[in-house]
Amino acid sequence: MFFNLVEFPYPSAEGLHVGHVFKYSGVDAYGRYHRMRGRQVFQPIGFDAFGIHTENYALKVGEHPAQLTARTTRRFREQLSRMGGAWDWSRSVDTSRPEYYRWTQWILVRLFEAGLMYQAEAPVVWCPACLTVLAREQTERDGTVCERCDTPVTERVMTQWFLRITAYADRLDAGLDRLDWPDRARRSQRRWIGRSEGWEIDFGDLTVFTTRPDTLPAVTFIAVPDGHPAAGGTRPHPLTAAPVPVFAADYVVESYGTGAVMGVPAHDERDARFAAEHGIAVSHAPLLDAAAAAAVGRPAVRYRLRDWLISRQRYWGPPIPIVHCAGCGPVAVPDADLPVLLPQVEDFRPAGTGQSPLAAAEEWVRTTCPRCAGPARRETDVSDAFVDSSWYFLRYPSSEFDDRPWDRERTRRILPVDFYAGGGEHVQRHHLYARFVTMALHDLGLVPFEEPFPHIRIGGLIVRDGAKMSKSRGNVVTPDDYVARSGSDVLRGALMFAAPWEQGGEFSDDAVAGIERFLARTWRVITAADGAGPDPATLARATHAVSDAIERLSFNVGLARLMELLPSVRSAEAKRVFVRLLAPFAPHLAEELWHRLGEPFSVHTQAWPVFDSSLLLSREVEIPVQVDGRVRGTVVVAPDAGRDEVVLAARRAVTTVPPEERTARLVFVPGRVISFVSRGDP
RNA sequence: GCCGGGAUGGCGAAAUCGGUAGACGCGACGGACUCAAAAUCCGUUGUCCGCAAGGACGUGGGGGUUCGAGUCCCCCUCCCGGUACCA
């Protein structure tokens, strides 16, 4: 089973975007190719329908998010169907449906029981427009504005739910080495995790984290975050016991390391800047050797990664399945009581009080403690939409089961994902969260593998007029217009022909015209009376080239090879080969032509053309003749022609080839090149 | 600032292992068909010199390695994406 997966869309009110079509067309062609190659392909699609984005839009237009979601998912479904993707709709998911989020909650309960979900009071990012806390990752521009609405965010200290992803930081980091991901994705995620090996060193009761314990003798101050109680005092230097002044410095991040830094102006740029600004002395005391440094500190590993804040004081998400009991504290909702249904409320607007709109549903909130049966109150925060998407690939194969989140046998047979087509914007969050959740579930014995996505490829961005499509630029392309005018095969083809899938590229009406003509020409050629040709070697080479291009996700090259082949296609056999090669790119046209050829439905379940690989070896090759590094002509020889034969041919064909006595050097690469280096008069 | 990715004809791009740069498409030009146009088909199309044969130059700029560099190495410029004092 080949699990061909693409990141499921958030069903925006704007409908399907050409960027979606670009990404999905390639994924679909890839899946169709593998199916024809004999793999059983599982290619589902679904909707990431919960979340602030949907909810904010619902608030804007004054429509209930449930209603809005029903409408937008219906539209997406129609549009996706029209594009002709081979999606398995029988295995679809919608994260906002109780049948789905029941299991999202079930997973949170498992994590809670395992000590991986906890409540803590912490300074968190608050968006005054969305009226909710956000994960640090959901802010932009140095964490100053909300990524959803661009509003400057503030900080609040609140009691929130977290997932203990930092407990897996080491494994998430180490595991990257074994993944077949693009380097840039791996590097980017590794940097996000930010593993750092160093030392903890005590200055009295104040502990600092440093990667440079050897610079300890040159410490002239200690820096702590603004508002730290130690600021203004001194602490004894661990080597000399001399008092070291403690300063409050805005460059010290409270939540990283020990939240305190030893100031070494001689060896650290930031420390130097701070020292200069505050008139602090600079010491160039000689450095300590490793052994001496080890004697005063403890080795420690720190991460840039923080625990994952999943509380949202919003409506459109799964209620966090916890009940608060005065006697028992926070208690998980028993599995039998899941899902905790999102209550129907009239007013789903965020309250702005730091509590979710669910808090106003008093009847819903009031409940009994599952443990002691005493009076208790439900947790009113909902969970982050990234929780929903961190396990949806586990649900797809088992989506019809209502008594288990995933079936053991199905999971074993279909997962992990064989090919995951992702977006670059998801490397730090979605891909990381999904890895964490999968690892945790693995440790709980619930899934038989640690890594959900052993093979990821990142799709490029489709642009128009050299710029990312956006409403403000007015260069947004709607797929519907093109589909209505030219059909989805043309739109798919135009997008695939524009550029390699991983690179992304320019969408233009010119490309649409080119593909439209190509497909029209294809129709005429295939439906014309049979003739002779091309020769088997031509067909074999084209088949090989198209296959190779698809495997490399270079659909543009695949189409180019088909365009080259088309004019020579005459024989019935060649037509049958051509239509099958075309099928992943233009599924509708290929199906119709296959039918016209009198072949049984469906072209998409036919075997991919096979060829005798000996046909790929040509009987003769044209190789360049170089003289002093310049191409001076070519000779046609057998691919395995020997050195002497080629030299002879080159002398005959190219007059400027030096005679033997004037040849200083001769480089011969069989089947590739013959290169003469001449010698001046002795 | 740091980390990625990129820069190839008029345009989108190809070149998979260091071996004929520009496949394929668009556009343009010329021709066929047509009363005419559209559509379609055929041909030409990197730049420069040349009647031609042929030659010179050419993959953002500069240097290098090599018989041979779009491809490898060093330095630089610009564009796109990510990231932000992580000790």
Side-chain angles (χ1 to χ4, degrees), chain A residues 140-144 182-188 190-192 194-196 198-199 208-212 215 222-223 249-264 267-271 273-274 302-306 424-425 427-428 458 460-461 463 466-468 493-494 497-500 502-515 517-518 520-521 524 545 548-549 551-552 554 556-567 621-635 663-669 671-678:
Chain A
E140 281 174 357
R141 275 177 265 152
D142 304 3
T144 57
D183 269 353
R184 60 186 153 127
R186 262 200 305 221
R187 259 197 283 262
S188 161
R190 174 155 280 144
R191 188 186 147 83
W192 189 264
R195 186 178 198 278
S196 177
W199 295 76
V208 301
F209 175 70
T210 181
T211 54
R212 293 290 307 276
T215 63
I222 298 169
D250 59 4
Y251 71 89
V252 179
V253 180
E254 187 178 7
S255 52
Y256 182 78
T258 58
V261 179
M262 61 186 213
V264 191
H267 298 285
D268 185 281
E269 213 179 291
R270 293 156 309 189
D271 295 346
R273 202 170 352 111
F274 188 80
R302 296 287 172 166
Y303 301 89
R304 186 179 173 278
L305 186 71
R306 317 286 167 75
E425 72 277 21
V427 170
Q428 283 97 358
I458 304 291
L461 199 67
V463 301
K468 190 173 173 171
F497 189 61
E502 287 183 274
Q503 188 182 302
E506 173 82 23
F507 177 80
S508 71
D509 291 341
D510 289 344
V512 173
I515 290 293
R517 265 182 270 191
F518 165 64
R521 211 156 53 232
R524 288 195 295 271
D548 183 56
E551 283 170 26
R552 285 160 43 215
S554 289
N556 55 334
V557 176
L559 279 164
R561 296 296 164 257
L562 286 172
M563 289 172 179
E564 283 174 299
L565 176 63
L566 183 65
V621 288
E622 187 188 27
I623 68 172
V625 178
Q626 295 186 357
V627 177
D628 295 328
R630 291 168 174 276
V631 178
R632 291 300 175 190
T634 59
V635 289
T663 300
R665 202 173 156 198
L666 187 60
V667 179
F668 175 60
V669 184
R672 291 296 248 192
V673 73
I674 179 89
S675 182
F676 298 86
V677 183
S678 65

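Side chains included, hydrogens not; waters and symmetry mates left out as well; all remaining heavy atoms used. Per chain, numbering begins at 1; letters A, B, ... match sequence-line order.
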Single hit among A:Val667, A:Asp628, A:Val627 for side-chain contact (heavy atoms from CB on, under 4.5 Å) with A:Val677: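 For A:Val677, the side-chain contact (heavy atoms from CB on, under 4.5 Å) check succeeds only for A:Asp628.
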Within this structure, what is the [atom1]-to-[atom2] distance between [X] and [N], rounded to whole angstrom?
X	N	atom1	atom2	value
A:Glu506	B:U8	CD	P	13 Å
A:Trp192	B:C3	CH2	C1'	14 Å
A:Glu254	B:A87	CD	P	17 Å
A:Arg561	B:A13	CZ	C1'	12 Å
A:Arg552	B:U16	CZ	P	8 Å
A:Arg187	B:G4	CZ	C1'	7 Å
A:Ile458	B:C80	CD1	C1'	17 Å
A:Met563	B:A13	CE	C1'	12 Å

Would you measure the distance from the [atom1] atom in [N] across to the matching atom in [M] and give it in whole Å?
N	M	atom1	answer
B:C57	B:G22	C1'	15 Å
B:G6	B:G54	P	38 Å
B:C29	B:U47	P	15 Å
B:C11	B:G64	C1'	34 Å
B:U45	B:C78	C1'	30 Å
B:G5	B:C74	P	14 Å

Whichever of A:Asp271 and A:Ala498 has its nearest RNA chain B nucleotide further upstream toward 5':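 This one resolves to A:Ala498.
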5' priority, RNA chain B, between A:Thr634 and A:Arg212 [closest heavy atom]: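 That would be A:Thr634.
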With respect to the phosphate group of [N], does any side-chain polar atom (N or O) of [X] fall under 4.0 Å of OP1 or OP2?
X	N	result
A:Arg630	B:C57	yes
A:Arg517	B:C26	yes
A:Arg304	B:A84	yes
A:Tyr256	B:A87	yes
A:Arg524	B:C41	yes
A:Asn556	B:A14	yes
A:Arg191	B:C3	no
A:Ser196	B:A87	yes
A:Arg186	B:G4	no

Shortest non-hydrogen separation from A:Ala223 to A:Ala249 and the atoms involved: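 Scanning both residues completely, I find the closest heavy atoms to be CB-CB, 3.9 Å.
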A:Glu425 atom CD: more than 12 heavy-atom contacts under 6.0 Å: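 More than 12 heavy atoms, drawn from other residues, nucleotides or ligands, come within 6.0 Å of this atom.
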If pairing requires Watson-Crick or G-U wobble contacts with both distances under 3.5 Å, which nucleotide is the partner of [N]?
N	answer
B:A38	none
B:G1	B:U83
B:G43	B:C29

Non-hydrogen side-chain atoms of A:Trp192 and A:Arg187 separated by less than 4.5 Å: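 No, side chains not in contact.
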Close side-chain approach of A:Val252 and A:Val261, heavy atoms under 4.5 Å: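 Yes, close enough: below the 4.5 Å cut-off.
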From the list [options], which nucleotide is the closest neighbour of the side chain of [X]?
X	options	answer
A:Pro500	B:A13, B:U83, B:C24	B:A13
A:Val667	B:G19, B:U16, B:A87	B:G19
A:Ala560	B:C67, B:A84, B:C24	B:C24
A:Phe497	B:A13, B:G12, B:G19	B:G12
A:Asp510	B:C85, B:C26, B:C41	B:C26
A:Val253	B:A87, B:G19, B:G55	B:A87
A:Tyr251	B:A13, B:C85, B:G19	B:C85

Base B:G19 paired with A:Gln626 side chain (donor-acceptor, <3.5 Å):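 Donor-acceptor pair under 3.5 Å: yes.
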Under 3.5 Å donor-acceptor, A:Thr663 side chain and A:Arg665 backbone: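 The answer is no, because no donor-acceptor pair under 3.5 Å joins these two groups.
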